[in-house]
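Below is one structure, written out as structure tokens; comments come after it.
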Amino acid sequence: MQNNIFTTMRSLKIMDGCKGTQVFAINPSGTTTTTTNNGGSGGGVGDKLLHHLQDHLRVNSTRSRSSRSSLSFQSPNPIGNNLVLDTLLPYGLPSSDLLEPQIEPSLKSVDFVETLADVYRRIDHCPQFEKSKMYMEQCAIFRGLSDPKLFRRSLRSARQHAVDVHTKVVLAAWLRYERREDELIGSSAMDCCGRNAECPKASLVSGYDPESAFESCMCSRTPGGEEDDTPRREEDDTPRGEEDDDDFVMVGDEECSTSEEDGNMSFCIGDAEVRCVRYKIASLSTPFYAMLYGNFKERRREKINFTQNGISVEAMRAVEIFSRTKRVDYFDVRIVLDLLSFANRFCCDDMKSACDSHLASLVCELEDAMLLIDYGLEETAHLLVGACLQVFLRELPSSLHNPHMMRLFCNSEARQRLTMAGHASFILYYFLSQIAMEEDMRSNTTVMLLERLGECATESWQKQLAFHQLGVVMLERKEYKDAQWWFEAAVEVGHIYSLVGVARAKFKRGHKYAAYKQMNSLISDYTPVGWMYQDRSLYCIGKEKMMDLTTATRLDPTLSYPYKLRAVCLLEENQIEAGITEINKIISFKVSPDCLELRAWFSIALEDFEGALRDVRALLTLDPNYMMFHGKMHGDHLVELLRPLVQQWSQADCWMQLYDRWSSVDDIGSLAVVHHMLANDPGKSLLRFRQSLLLLRLNCQKAAMHSLRLARNHSSSEHERLVYEGWILYDTGHREEALAKAEESISIQRSFEAFFLKAYALADSSLDSESSTYVIQLLEEALRCPSDGLRKGQALNNLGSVYVDSDKLDLAADCYTNALNIKHTRAHQGLARVYHLKNHRKAAYDEMTKLIEKARNNASAYEKRSEYCDRDMAKNDLSMATQLDPLRTYPYRYRAAVLMDDHKEAEAIEELSKAISFKPDLQLLHLRAAFHESMGDFVSTVRDCEAALCLDPNHADTHDLYAKARERVNEQLK
């Protein structure tokens with residue numbers, strides 16, 4: 001107890017506090033009194049805040065704190081400030097020693113363009129039945145890229161070319177998971193989206209039919225989900241037992257089997273006899289035919305004793321009925337299970353197939369799957385196991401936490417049982433292990449699933465992926481020896497990037513120099529890329545470390561670790577503002593929770609509590625479960641600590657703040673305001689929708705889709721729900737279905753968002769004159785409906801764009817001017833375009849200058865302004881655009897084109913290659929291919945075209961260039 005008191009006293013810094021202008025006396029009653037130099041008394045918000053912080057301090061008083069002696073905070077209230085900072089920073093300030101670059105858990109190539117070209121060639125030339133496997137390899141390559149659309153497109157292609165039931169089941173479930181339909185309230189795991197590719201019934205039909213994969217399935221063609229021409233027996237009007245007495249007899253105590261006159265033999269089970277037709281029983285299987293018509297004594301017997309064969313009288317009667325009807329849908333599930341066992345024992349293939357198919361059709365829920373999957377595995381019933389597996393996979397990720405189900409996948413024996421039933425594969429364990437890693441990378445379940453993934457791996461890329469991911473997981477679990485072993489195994493099968501993991505594991509085991517040598521060798525043996533220098537910097541000190549970080553940023557400016565480390569080093573030198581400036585460089589074009597956390601950390605140190613709260617709210621929008629300060633404090637808790645330190649806003653104030661930030665293109669500030677508003681009104685679907693729009697602008701697609709699903713779940717009306725479902729469909733590549741949702745919403749109630757969605761979806765294609773007119777009408781209808789200025793500004797901006805495309809410049813100018821009148825700042829860009837088309841170049845330049853001055857995120861404005869000035873000024877603007885956002889590709893293409901015009905071909909190629917090395921973009925690759933062709937380097941042209949077509953196989957210009965280059969290569973080889 002005494003130690004705690006002294007710890008608290010030290011943290012309060014009593015002696016320093018007495019030197020200040022105010023003294024806070026803390027009495028046992030918990031009230032706070034303030035004595036000032038002029039003798040007056042004070043109280044209010046400051047006192048309440050101090051009291052709040054003291055309460056929190058008592059809880060955290062014994063926690064360790066990092067030294068902050070190098071930081072000096074000038075304040076008239078040292079005790080109050082120290083209390084605040086100790087409460088907000090109970091774990092101290094960030095340390096450069098604790099920062100490490102993340103090892104990516106995906107395939108990563110040292111020559112990514114060649115990897116893309118190679119996989120495109122192999123897809124193009126492989127047999128059609130092998131295409132699904134090739135597309136899965138492409139999926140694994142795209143998994144490490146920032147654009148999830150590429151991964152989803154490859155996944156759809158893999159499903160499109162799937163042949164067997166197992167592959168269809170896994171890929172259909174994976175496509176559903178990518179849309180995270182499990183987050184939609186009211187949705188069921190077995191709901192059908194209306195397309196064969198994801199239909200649970202279509203997935204259980206074997207066969208290769210790529211043309212129909214994305215056509216409407218039978219579920220969507222009939223109201224009840226059943227095919228009209230094949231109704232279930234239960235839906236017939238004819239009562240059971242009244243159809244055809246010669247062909248159908250119910251099984252039960254009251255019913256009999258084949259009539260005496262029809263039957264010519266019997267199976268005896270105990271005291272009961274089951275009359276049968278000999279040739280029909282013989283037709284069930286080769287063993288039965290041999291027994292009844294071969295050289296066995298049963299051939300001459302009318303009665304055959306079946307008592308010892310483990311089949312009940314009811315099941316034997318069912319066997320007899322099946323021998324005549326070839327159907328099992330009359331029977332109880334228990335009887336069908338007995339028939340399945342009987343069919344396996346006596347090799348009755350048709351009976352087994354019928355039982356398998358019927359039982360599979362009964363599996364609709366997880367409970368059904370849990371009851372039947374053991375039977376299916378025991379009897380190797382392929383369809384039944386597939387149906388059970390399908391339910392489990394479509395229930396992910398929640399079913400991952402079901403211990404009964406996971407025992408069917410995790411150990412080697414379970415995998416062998418699945419193999420016997422035809423349902424153990426690399427893609428199954430790839431799917432399961434990826435979700436397990438997302439849920440909890442350190443869990444035993446994740447390790448076991450990855451081990452099974454490795455056991456299923458047969459091809460080189462599969463082994464590379466499985467072994468590398470096991471290394472990553474072991475590193476996270478701090479099992480460094482095992483991590484090194486798995487990384488080395490991945491290197492042995494060809495994954496060079498895993499050398500980074502080998503070096504990291506050696507470093508963690510205390511072999512820093514060995515790690516340095518490992519990375520040094522890697523840089524020497526291969527063409528250097530940014531991540532090589534980034535990781536080598538971890539094992540350097542002083543100037544060498546900073547040089548490696550500078551080189552890493554030059555080669556790949558999208559790597560966040562160099563910015564973070566430089567920022568923290570500046571912090572440690574007491575240059576906090578410079579540290580914030582450094583971290584701002586990457587936040588300006590690549591928003592991530594860890595970078596926002598670091599900036600919030602710095603802002604707290606500077607006592608900029610509003611800035612800190614803004615960043616914490618924004619990062620919680622990206623990741624609601626984010627743990628701050630090296631995983632020691634939940635972000636929500638830090639929000640609660642920061643809230644009393646900033647100005648309090650009402651909901652009306654928040655709307656004004658949102659309007660101002662949206663108008664100034666401050667997307668992070670806007671996210672923070674929306675997060676604040678949702679804390680007061682979490683069920684507001686409109687706010688969730690706004691949130692999703694902001695996240696899309698920040699290129700945070702996963703978080704954006706999550707917000708959109710929440711907007712749909714909190715919809716207050718059906719027409720509103722349909723709009724959000726339409727946006728979900730549109731953003732996942734289902735344009736036609738999105739249009740249908742918009743039209744259905746409009747039929748219920750005319751609303752701004754429904755008309756806007758329909759116009760937006762229709763405009764996402766080449767518009768002819770008639771289509772443009774229709775889109776204009778839709779946007780005008782939207783503007784007549786009630787909405788706020790933020791959305792109406794967007795609609796006016798879009799309407800102006802359509803008018804420009806229709807060569808109606810005056811109308812477009814009116815739209816942009818009206819948008820600017822309600823502070824839709826981005827309309828400056830549209831108005832500049834109108835001026836440019838009217839040959840008013842100076843006015844266009846000035847208009848873009850206004851946007852640059854108003855917008856906080858203005859890289860795109862610099863880029864656009866470059867189109868309205870001379871070459872030297874354009875170069876300056878494009879340099880600024882690249883500095884603010886190196887991911888924008890137009891500046892590289894422009895500079896390369898200028899160099900080509902100046903006959904500096906090698907420099908032009910180098911300019912494009914610089915960007916391609918960290919962003920393999922279709923336009924960049926196509927332009928470099930064209931440059932190679934103009935220089936007569938047709939081999940390089942072919943490679944770049946193949947890489948570009950791997951990213952977009954439908955790009956017509958690249959196809960044309962590719963065909964011409966291949967012809968020239970073939971001519972050179974003759």
Does the side chain of [Y] come within less than 4.5 Å of [X]'s, by heavy atoms?
X    : Y    : result
L722 : K741 : yes
L396 : F431 : yes
L851 : M848 : yes
L619 : D615 : no
Y803 : D810 : no
S772 : D805 : no
F755 : S745 : no
R709 : R712 : no

Worksheet, complete the sentence: Hits for salt bridge (Lys or Arg N to Asp or Glu O under 4.0 Å) against K823, two or more places apart or cross-chain, chain-then-number order -> none
Item to complete: Would you check, one step at a time, whether the test side-chain contact (heavy atoms from CB on, under 4.5 Å) holds for L696 with Q701?
Response: CA-CA 6 Å; L696 282 174; Q701 296 188 31; 4.3 Å; yes
Practice prompt. Decide if atom CE of M627 counts as having more than 12 heavy atoms of other residues, nucleotides or ligands within a radius under 6.0 Å.
Written response: yes
Discussion item. Can you tell me if Q648 has over 12 outside heavy atoms packed within less than 6.0 Å of its CD?
Written reply: yes
As an exercise, state the distance from [atom1] of [X] to [atom2] of [Y], rounded to the nearest 0.5 Å.
X    : Y    : atom1 : atom2 : result
W655 : L687 : CH2   : CG    : 5.0 Å
H637 : L642 : NE2   : CG    : 10.0 Å
T732 : R156 : OG1   : CZ    : 8.0 Å
L559 : Q102 : CG    : CD    : 11.5 Å
K684 : L678 : NZ    : CG    : 10.5 Å
Q777 : L799 : CD    : CG    : 11.5 Å

Discussion item. Between Y730 and Y760 (judged by ring centroids, cut-off 6.0 Å), do the two rings come close enough to count as a pair?
Written reply: yes
Under the 3.5 angstrom rule, does the side chain of [X] hit a backbone N or O of [Y] as a donor-acceptor pair?
X    : Y    : value
Q749 : S747 : no
K758 : A742 : no
N858 : A861 : no
N821 : T817 : yes
R643 : L613 : no
S588 : L884 : yes
R176 : R394 : yes
N818 : D814 : yes
N713 : I185 : yes
S154 : F151 : no

Worksheet item: Could D764 and R735 be called an ion pair, given the rule that one side-chain N must be under 4.0 Å from one carboxylate O?
Response: no
Worksheet item: Salt bridge or not for E781 and R784, using N-O below 4.0 Å?
Response: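 Answer for the salt bridge query: yes.
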Worksheet item: Could you go step by step and tell me if D846 and Y868 meet the side-chain contact (heavy atoms from CB on, under 4.5 Å) rule?
Response: CA-CA 9 Å; D846 292 342; Y868 310 135; over 6 Å; no
Heavy-atom closest contact ([X] atom, [Y] atom, distance):
X    : Y    : answer
L924 : A915 : CD1-CB, 3.7 Å
P624 : H634 : O-CE1, 3.3 Å
G683 : H714 : O-CB, 3.5 Å
A812 : G800 : CB-O, 3.4 Å
A819 : N797 : CB-N, 4.5 Å
F752 : A782 : CD1-O, 3.1 Å

Discussion item. For H828, run the side chain to side chain donor-acceptor pair (under 3.5 Å) check against K864, K854, K850 and tell me which one passes.
Written reply: K854
Fill in: Residue pairs involving residues 618-631 (criterion side chain to side chain donor-acceptor pair (under 3.5 Å); sequence neighbours excluded)
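Listed by first then second residue: E597-Y626.
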Item to complete: Taking atom types as modelled, find out whether D594 and S592 have a side-chain donor-acceptor pair closer than 3.5 angstrom.
Response: yes
Worksheet entry | Side chains of S650 and D653, donor plus acceptor under 3.5 Å | yes
Worksheet entry | salt bridge (Lys or Arg N to Asp or Glu O under 4.0 Å) assessment of E438 paired with R143 | CA-CA 13 Å; E438 290 177 13; R143 192 70 170 179; 3.4 Å; yes
Over 60° means perpendicular and under 30° means parallel, so tell me whether [X] and [Y] are parallel, tilted or perpendicular.
X    : Y    : value
Y724 : F689 : tilted
W649 : H676 : parallel
F756 : W727 : tilted

Discussion item. Checking L887 against D921 for the side-chain contact (heavy atoms from CB on, under 4.5 Å) test, could you report, in this order, the C-alpha distance in whole Å, the side-chain angles of both residues, the deciding distance, and whether it holds?
Written reply: CA-CA 10 Å; L887 288 172; D921 174 78; over 6 Å; no
Discussion item. One pair to check against side-chain contact (heavy atoms from CB on, under 4.5 Å): I668 and R599. What are the steps and the verdict?
Written reply: CA-CA 12 Å; I668 292 176; R599 190 167 72 176; 4.0 Å; yes
Fill in: Worked verdict on D768 versus S771 for side chain to side chain donor-acceptor pair (under 3.5 Å)
CA-CA 5 Å; D768 54 27; S771 299; 2.8 Å; yes
Practice prompt. Go through E867 and R833 one step at a time and tell me if the salt bridge (Lys or Arg N to Asp or Glu O under 4.0 Å) criterion holds.
Written response: CA-CA 10 Å; E867 298 179 21; R833 185 183 174 198; over 6 Å; no
